[in-house]
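All values derive from a computational prediction rather than experimental measurement.
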2 protein chains.
Amino acid sequence: MMKKPKARDRILETAARLFHERGYSEVGINEIIEKAETAKATFYQHFPSKQSLCAAWLEAVHQRSDLQREGILQGPGTAIEKIDAYFEGLGSFLRENDFRGCPYSNTGAVIDEECACLHQKIEEHKIAIRNFFRHLAGQFAHSERRAREVGDALFLLFSGATVEAQNLRSLWPVEAARRSAREICEKESATAST
Amino acid sequence: MMKKPKARDRILETAARLFHERGYSEVGINEIIEKAETAKATFYQHFPSKQSLCAAWLEAVHQRSDLQREGILQGPGTAIEKIDAYFEGLGSFLRENDFRGCPYSNTGAVIDEECACLHQKIEEHKIAIRNFFRHLAGQFAHSERRAREVGDALFLLFSGATVEAQNLRSLWPVEAARRSAREICEKESATAST
DNA sequence: TACTTTACAGACAAGTCTGTCTGTTTATGA
DNA sequence: TCATAAACAGACAGACTTGTCTGTAAAGTA
């Protein structure tokens with residue numbers, strides 16, 4: 001028989017699900033503790049505020065997504081295949097999550113300027129993804145500058161696909177971005193070096 | 001001396017500003033009517049609900065942005081120059097609006113599945129932008145299929161630039177998308193036709 | 001002038017929100 | 001066994017939310 005996880009983990013897991021499904025601002029503490037089957041006092045024993053729960057959630061998401069990118073980087077295949085795999089992973093993610101896109105972008109849309117710690121987490125996550133693409137682009141681009149340019153283009157295609165798949169509740173943006181990304185990579189690696 | 005606009009216009013104008021600055025879900029009716037200097041009864045005389053105000057706002061945004069694209073299409077310049085102008089317009093828009101990005105994406109992130117009429121407006125707006133890019137791409141692409149593919153890629157770059165400029169509160173995503181878009185267009189129009 | 005539309009002020013209902021507090025019960029580990 | 005820590009239930013405060021309602025005042029029109 002499965003042992004019931006500790007209260008903090010239940011809270012974090014429940015909050016992660018609800019925040020992602022409906023958005024940070026649309027989910028209240030009361031619903032979280034009810035679904036997590038904890039008392040309100042227990043909640044505030046583990047998290048000083050709703051905002052700190054949000055920070056913990058984003059932190060956990062970042063760690064998981066970092067691991068995924070690390071796994072792709074360590075795994076087999078060419079750089080172009082790895083980029084393709086990352087787009088494929090986005091498609092699976094969206095299919096499994098009812099087309100809810102990036103938790104960071106969705107959270108950034110509703111928090112105000114004062115939440116500096118949340119904004120920082122958003123920034124870190126985005127830069128990590130951009131660097132992932134820049135790094136891979138560096139393996140076939142013909143210069144450092146080209147690696148940055150191609151990497152940034154891939155990052156923006158990825159980001160655009162994520163947000164539009166959510167808006168249109170469809171996978172075609174992901175497929176279109178994937179195709180375009182592959183084309184950019186192939187053209188870059190085929191071009192004669194200067 | 002400027003005559004005070006009618007109540008409905010004041011409400012819509014104020015709501016537009018506040019919704020865009022802070023997000024639909026973060027702004028209440030009370031604040032809107034206070035800043036618009038109207039009575040609550042007056043508000044509910046013009047809008048049956050907050051959601052219908054949101055719909056009216058998105059409708060107004062769509063009309064303005066449609067006019068802008070129409071103006072670019074009717075104006076002088078090549079298709080590639082027009083695409084470039086649209087990215088330049090995005091940069092100006094973000095600079096003038098404190099890096100708050102697409103009202104549609106930001107609203108879509110916080111409304112639930114039941115708001116069908118809002119989701120429909122989001123979809124219409126996004127498809128209009130995609131078609132704008134597909135149409136322009138059709139003027140230099142080598143086939144209908146290529147026009148769709150190139151147009152979709154430009155659309156996703158544009159969308160990615162918008163959301164990441166907001167997340168990172170910086171203009172570099174717009175500049176990167178612009179450069180990449182130009183490159184895609186130039187490569188497409190330079191390629192020998194089959 | 002008389003009628004009608006529009007807008008006004010603001011109380012009120014019924015519910016939500018975050019966060020605090022008191023006190024009790026259950027686990028865990030020495 | 002006993003002490004410490006963790007979780008429990010749930011009342012409460014104070015502020016906020018959307019939306020309704022009553023009644024009054026002003027503005028435009030016939």
Side-chain angles (χ1 to χ4, degrees), chain A residues 1-58 106-107 109-118, chain B residues 1-58 106-107 109-118:
Chain A
M1 64 216 199
M2 280 258 282
K3 204 175 157 193
K4 198 174 177 183
K6 292 223 161 201
R8 190 180 192 280
D9 295 331
R10 294 203 308 274
I11 292 168
L12 200 48
E13 225 171 286
T14 308
R17 182 167 49 85
L18 296 177
F19 284 165
H20 188 245
E21 279 173 8
R22 307 215 309 273
Y24 169 64
S25 63
E26 304 307 297
V27 179
I29 299 288
N30 292 322
E31 184 181 355
I32 293 170
I33 61 170
E34 187 192 329
K35 297 229 163 92
E37 294 180 277
T38 62
K40 188 173 275 197
T42 308
F43 173 86
Y44 280 100
Q45 214 162 309
H46 289 289
F47 301 96
S49 66
K50 187 190 176 190
Q51 191 177 308
S52 83
L53 171 65
C54 183
W57 165 53
L58 291 181
N106 287 340
T107 303
V110 294
I111 58 175
D112 50 37
E113 216 59 41
E114 285 100 71
C115 302
C117 73
L118 296 185
Chain B
M1 64 210 195
M2 279 255 284
K3 204 173 156 195
K4 197 174 178 182
K6 292 223 161 203
R8 190 181 192 279
D9 295 331
R10 294 203 310 273
I11 292 169
L12 200 48
E13 223 171 286
T14 308
R17 180 168 50 85
L18 297 176
F19 284 166
H20 188 245
E21 278 173 11
R22 307 216 309 274
Y24 170 63
S25 63
E26 305 307 297
V27 179
I29 298 288
N30 291 323
E31 184 181 356
I32 292 170
I33 61 169
E34 188 192 330
K35 298 229 163 91
E37 295 180 276
T38 61
K40 188 172 275 196
T42 308
F43 173 86
Y44 281 101
Q45 212 162 309
H46 289 289
F47 301 96
S49 66
K50 187 190 176 190
Q51 190 177 307
S52 82
L53 172 64
C54 183
W57 165 54
L58 292 181
N106 287 340
T107 303
V110 295
I111 58 175
D112 49 37
E113 215 60 42
E114 284 100 69
C115 302
C117 72
L118 296 185

For A:I33 versus A:N30, what's the shortest heavy-atom pair and its separation?
CG1-O, 3.3 Å
Testing the basics here: between A:I32 and A:L53, what is the closest heavy-atom pair and its distance to 0.1 Å?
CD1-CD2, 3.8 Å
Would you call [X] and [Y] a side-chain contact if the rule is heavy atoms closer than 4.5 Å?
{"X": "B:E26", "Y": "A:D112", "value": "no"}
{"X": "A:E21", "Y": "A:L18", "value": "yes"}
{"X": "A:T107", "Y": "A:F19", "value": "no"}

Rounding to an integer number of Å, can you tell me how far [X] [atom1] sits from [N] [atom2]?
{"X": "A:R8", "N": "D:dA5", "atom1": "CZ", "atom2": "C1'", "value": "16 Å"}
{"X": "B:I32", "N": "D:dT18", "atom1": "CD1", "atom2": "P", "value": "8 Å"}
{"X": "B:R10", "N": "C:dA7", "atom1": "CZ", "atom2": "P", "value": "8 Å"}
{"X": "B:E26", "N": "C:dT18", "atom1": "CD", "atom2": "C1'", "value": "14 Å"}
{"X": "B:I29", "N": "C:dT16", "atom1": "CD1", "atom2": "P", "value": "18 Å"}
{"X": "A:K6", "N": "D:dC8", "atom1": "NZ", "atom2": "C1'", "value": "14 Å"}
{"X": "B:I33", "N": "D:dT20", "atom1": "CD1", "atom2": "C1'", "value": "13 Å"}

Is the backbone of B:V27 close enough, under 3.5 Å, to the side chain of B:R22 for a donor and an acceptor to pair up by distance?
no
Just wondering, more than 12 heavy atoms not from A:E34 lying within 6.0 Å of its CD?
no
Residues which pass side-chain hydrogen bond (donor to acceptor under 3.5 Å, both in side chains) with B:E114, listed by chain and number, not counting sequence neighbours
none
Once base and sugar-phosphate atoms are separated, protein heavy atoms under 4.0 Å mark nucleotides 9-16 of chain D, 5' to 3', with B, S and - as BB------
First locate atom SG of B:C117, then atom CG of B:L58, and finally report the distance between them rounded to the nearest 0.5 Å.
9.0 Å
Can you tell me which residue pairs pass the side-chain hydrogen bond (donor to acceptor under 3.5 Å, both in side chains) test with a partner in residues 46-55 of chain A, sequence neighbours excluded?
none
Residues two or more places apart in sequence or in another chain: which of them pass side chain to side chain contact (heavy atoms under 4.5 Å, CB included) with A:A16?
A:W57
Per the under-4.0 Å heavy-atom filter, residues of residues 42-58 of chain B near DNA chain C come out as B:T42, B:Q45, B:H46
Please give me every residue in residues 11-21 of chain A whose heavy atoms get under 4.0 Å of an atom in DNA chain C, ordered by residue number.
none
